[in-house]
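The next block holds one structure in the form of structure tokens; read it before the comments.
All heavy atoms count here, side chains included; hydrogens, waters and symmetry mates do not. Given the structure is predicted, the values throughout are model-derived calculations rather than measurements.
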Amino acid sequence: MKTYFSLKGILNPVVNTQPQPRTPRDMLLDDIRKTQCALEIAYSGFDNVTDPDLIDCYIYEVNSALKRYRFLLQQAEQMQLYEEYHMDSPECYDNKSLVEQPIS
């Protein structure tokens with residue numbers, strides 16, 4: 001099975017013990033995470049079916065989730081959350097240097 005997104009957020013969800021009012025930013029980021037999960041499920045289903053009708057079903061499901069994902073990313077870009085989410089979020093990648101170390 002191919003993995004298209006990180007499963008860290010799905011397997012180890014963040015538990016919020018103190019309910020706070022949800023901002024539009026938080027709702028948008030939650031929708032993006034849910035859509036990523038829906039894409040994972042759709043791709044996984046597509047990879048595991050052999051019936052032609054189910055293949056068609058998963059193709060439509062993947063296309064639908066991709067369109068929703070693109071829309072949400074456009075919304076995040078308009079709210080200027082795209083750079084903030086990808087640069088500051090520890091969920092996306094470890095804060096290791098991406099520059100190659102010189103070979104000694």
Side-chain angles (χ1 to χ4, degrees):
M1 174 178 77
K2 297 178 185 175
T3 302
Y4 298 94
F5 298 103
S6 173
L7 298 177
K8 182 189 286 187
I10 296 169
L11 298 176
N12 300 319
V14 177
V15 178
N16 191 1
T17 58
Q18 206 173 23
Q20 298 176 353
R22 292 175 49 90
T23 63
R25 175 191 182 276
D26 294 334
M27 289 188 291
L28 180 60
L29 292 176
D30 284 344
D31 283 344
I32 290 172
R33 287 185 199 105
K34 288 177 186 177
T35 304
Q36 287 174 341
C37 184
L39 270 171
E40 275 294 320
I41 292 169
Y43 278 125
S44 176
F46 179 77
D47 288 342
N48 293 312
V49 296
T50 57
D51 183 59
D53 290 334
L54 288 176
I55 291 172
D56 288 343
C57 176
Y58 280 112
I59 288 172
Y60 287 116
E61 192 171 333
V62 166
N63 286 335
S64 173
L66 280 173
K67 286 184 182 190
R68 178 172 173 79
Y69 188 63
R70 285 188 200 116
F71 171 78
L72 291 172
L73 288 181
Q74 287 174 352
Q75 294 297 312
E77 187 176 351
Q78 287 176 358
M79 293 176 67
Q80 297 177 343
L81 296 179
Y82 187 75
E83 291 86 11
E84 174 186 336
Y85 179 70
H86 284 288
M87 298 304 241
D88 296 335
S89 176
E91 297 172 2
C92 294
Y93 51 83
D94 296 328
N95 291 325
K96 296 178 183 174
S97 175
L98 298 177
V99 178
E100 290 183 22
Q101 300 296 326
I103 300 173
S104 301

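At a cut-off of 3.5 Å, with distance as the only test, a side-chain donor of Thr23 or Asp26 sits close to an acceptor on the other residue.
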List, one per line, each side-chain donor-acceptor pair under 3.5 Å for residues 49-68, sequence neighbours excluded.
unit_1 : atom_1 : unit_2 : atom_2 : d
Asp51  : OD2    : Asp53  : N      : 3.4
Asp51  : OD2    : Leu54  : N      : 3.4
Asn63  : ND2    : Ile59  : O      : 3.3
Arg68  : NE     : Thr35  : OG1    : 3.4

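Under the side-chain contact (heavy atoms from CB on, under 4.5 Å) criterion, Asp30 pairs with Arg22, Arg33, sequence neighbours left out. Residues forming a side-chain contact (heavy atoms from CB on, under 4.5 Å) with Gln75 (at least two apart in sequence, or on another chain): Leu28, Phe71, Gln78.
Rounding to the nearest 0.5 angstrom, the gap separating the CG atom in Leu72 from the CD atom in Gln36 is 9.5 Å. Atom-to-atom distance recorded for Lys34:NZ and Met27:CE is 10.5 Å, nearest 0.5 angstrom.
Transitive grouping of hydrophobic side chains (ILVMFWY, heavy atoms separated by less than 4.5 Å) brings Tyr69 and Met79 into a common cluster.
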